[in-house]
2 protein chains.
Amino acid sequence: MTPSTPRESALCGLRARKKQRTRDALIRAALELFTAQGYEATTVDEIAAAVDVSQRTFFRYFSNKEEVTFAVQEMVEARFLDELSHRPADEAPLTALRSSVMAAWDDIAASIEPIVPVELHMRAYQMIESTPALIAAHLRRSCDLEEEVARLIARREGLDADLDPRPRVLVGAFNGVMRAAGKAWSEGDDFTVTSIRELTRSYLDHIGPVLDDNWRAVR
Amino acid sequence: MTPSTPRESALCGLRARKKQRTRDALIRAALELFTAQGYEATTVDEIAAAVDVSQRTFFRYFSNKEEVTFAVQEMVEARFLDELSHRPADEAPLTALRSSVMAAWDDIAASIEPIVPVELHMRAYQMIESTPALIAAHLRRSCDLEEEVARLIARREGLDADLDPRPRVLVGAFNGVMRAAGKAWSEGDDFTVTSIRELTRSYLDHIGPVLDDNWRAVR
DNA sequence: AATTCATGAGTCGGTAACTGTCATTTCGCT
DNA sequence: AGCGAAATGACAGTTACCGACTCATGAATT
C-alpha cells in the first residue's frame with residue numbers, strides 16, 4: 001500500500017510536474033494569442049505549436065478551445081464558492097453573495113498569479129466580453145455556477161432549493177446584475193481590477209432600490 | 001418609378017413566396033429532426049435533404065445551425081418587445097415587463113402558428129434548455145435582448161441607459177429570474193404553454209420579497 | 001540495475017460546420 | 001421571346017474535434 005514516497009499526485013513525481021507545466025504553458029500561450037490576435041483568428045494548431053506539442057495533445061488537456069479560455073476564471077470561481085460557504089450564518093443571503101464576490105476580487109492575485117499574470121487575465125476577460133462566441137460560453141458557465149450557488153444559499157437558509165424558488169430567484173437576479181456590471185466594465189476604458197471591483201460594488205448596491213416601483217418619485 | 005404591380009417584396013411575387021416557403025420548411029424540418037434525434041446528432045446535410053435543397057442553400061437562409069433553432073423564438077421576442085413599447089407610461093417598470101411577458105405568452109399561437117405548430121415549438125424549447133450548446137446560445141441571445149429592453153425601459157422612465165445603471169440592473173435581475181423559471185419548467189414534466197406561463201408568473205411574483213434581507217424571520 | 005508496465009504524446013484519418021467561387025437555373029419585367 | 005438579376009447547386013477548402021494506433025518515458029517491482 002504505497003510504501004514510501006509517491007502519495008500525492010498533485011505535486012510529487014516528475015511526470016505530474018511536467019504535466020502541470022504543459023497545462024500552464026498551454027493556458028498562457030492561448031490567452032496570449034487570443035488577446036493578441038483575437039479568439040477566432042487563433043487556431044488550436046497555433047497554440048499547440050507555441051508550446052511545442054501536437055494538436056492532439058492540446059485536446060487531451062482541454063476538451064475544447066473554449067475550455068482553455070476559461071481555465072483561469074474557474075480558479076476565481078472556486079475562490080468565490082469557497083468564500084461563500086464560509087460566510088457567517090447570520091449574514092443576509094444577498095449580503096453573503098456580495099461579500100464573497102468582493103473577497104474573490106480582493107485576493108485574485110493570490111489565486112491565479114502562479115499560473116498567469118493578473119494583467120493577462122484581465123485582458124482575457126475583456127476579450128471574452130467582446131467576443132460573441134465567448135460571451136455565450138461565459139453565460140453558460142455562469143448558469144452552471146448559479147446552480148451551485150443556489151444550493152449553497154438554500155443550505156445556509158435551511159431550505160430545499162428544489163421546493164422553494166427563492167434561492168434560485170435571488171441568485172438569478174444577482175447573476176443578472178453581475179453580468180450587467182461585467183459588460184459595463186468591458187465597454188469602459190479602465191481595465192484594472194479595482195475598476196471592475198468598484199463597478200460591481202456599485203451595481204450591487206442598486207439591486208434593492210431598483211425594484212421599488214416608482215423611480216421618478218424616489219429621488 | 002416601379003410602374004405597376006410588384007411593390008412589396010414580403011408577400012408579392014412567386015419568387016418571394018417560394019423563398020418564404022423554403023425558409024419555413026427548413027425551420028420545421030430542423031425542429032422536427034432536432035427534437036426527434038437531438039441537436040448535435042442532426043447534421044445540416046440531413047436538414048437540407050429533408051427539404052430537398054443543397055447544404056449551401058441552407059447556409060444562405062441561416063448563417064449557422066444555431067440560427068435556425070432560434071428562428072421561432074425570435075418571433076416571440078418580437079411580440080414581447082412590441083408589447084413592451086406600447087405599455088401605458090404610468091405602469092411601474094417591473095410591472096410593464098411582467099405584463100409584456102404575459103401578453104407574449106397569451107398570444108403565442110397567433111404569433112407562430114403560421115410557421116410551426118405551438119406544440120413543436122414547446123418541444124424545441126425544452127430541447128434547447130437541455131442541450132448545453134443551445135443553452136449557451138439562448139443565454140447570449142437573451143443578453144442581446146436585454147440590451148434592447150434596457151433601452152426601452154430607460155426611454156419609458158426618461159433616463160439615459162448609458163448614464164443611469166438602474167435600467168440595466170432591473171433588466172438583468174428580471175432576465176435572471178426569467179431564466180430560472182425557464183429552467184425549472186424544462187426540468188419539470190408539464191411541457192404546456194399554460195405551465196410555463198404560470199411558472200413564470202409565480203417566479204416573477206417572488207422578485208420583490210426575495211431581496212428582503214431575512215427570509216427566516218419573514219413568514 | 002534490469003525489467004515490466006502504465007500513461008502520456010505523436011501520427012493519421014475521418015466527420016461535420018462553415019465559407020468562397022463559379023456555373024446553372026429560374027423569375028420578373030419589357 | 002428574351003434579357004438581367006437573383007436563387008440555387010456543385011465543388012473545393014479550412015478548422016474544430018474525435019477515434020484508433022503506435023511509440024517513448026517515467027514509475028513500480030524484483
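Note that the structure is predicted; figures quoted are calculated from it, not measured. Below, each value reflects all heavy atoms present in this structure, side chains not excepted, and no hydrogens, waters or symmetry copies. In the text below, chain A, chain B and the rest are named by the order of the sequence lines, each starting its count at 1.
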Item checked: Result of checking Ile153(B), Val149(B), Asp162(B) against Arg168(B) for side chain to side chain contact (heavy atoms under 4.5 Å, CB included) -> Asp162(B)

Item checked: Near-strand residues of residues 28-37 of chain A, defined as heavy-atom separation under 4.0 angstrom from DNA chain C -> none

Checklist line | Contact list for DNA chain C against residues 129-142 of chain A - heavy-atom distance below 4.0 Å | finding: none

What's the [atom1]-[atom2] distance between [X] and [N], to the nearest Å?
X: Glu67(A); N: dA16(D); atom1: CD; atom2: P; value: 16 Å
X: Phe59(A); N: dC17(D); atom1: CZ; atom2: P; value: 5 Å
X: Arg23(B); N: dT8(D); atom1: CZ; atom2: P; value: 13 Å
X: Glu66(B); N: dA16(C); atom1: CD; atom2: C1'; value: 16 Å
X: Lys65(A); N: dA16(D); atom1: NZ; atom2: C1'; value: 8 Å
X: Arg17(B); N: dC27(C); atom1: CZ; atom2: C1'; value: 12 Å

For [X], ring pair (Phe, Tyr, Trp, His ring centres under 6.0 Å) partners two or more places apart:
X: Phe80(B); result: none
X: Tyr61(B); result: none
X: Phe58(B); result: Phe62(B)
X: Tyr125(A); result: His138(A), Trp185(A)

Those residues that, when tested against [X], pass side-chain hydrogen bond (donor to acceptor under 3.5 Å, both in side chains) (two or more places apart):
X: Arg201(A); result: Glu198(A)
X: Thr192(B); result: Asp190(B)
X: Thr194(B); result: none
X: Ser54(B); result: Thr57(B)

Output side-chain donor-acceptor pairs under 3.5 Å for residues 102-113 of chain A, partner residues at least two apart or in another chain, one line each.
{"residue": "Asp106(A)", "atom": "OD1", "partner": "Arg197(A)", "partner atom": "NH1", "Å": "2.2"}
{"residue": "Asp106(A)", "atom": "OD2", "partner": "Arg197(A)", "partner atom": "NH1", "Å": "3.2"}
{"residue": "Asp107(A)", "atom": "OD1", "partner": "Arg79(A)", "partner atom": "NE", "Å": "2.8"}
{"residue": "Asp107(A)", "atom": "OD2", "partner": "Arg79(A)", "partner atom": "NH2", "Å": "3.2"}
{"residue": "Ser111(A)", "atom": "OG", "partner": "Asp107(A)", "partner atom": "O", "Å": "2.9"}

Note to self: Does the protein touch nucleotides 5-10 of chain C at the base, only the backbone, or not at all? Give it as B, S and - per nucleotide, heavy atoms under 4.0 Å.
What the structure shows: -BBSBB

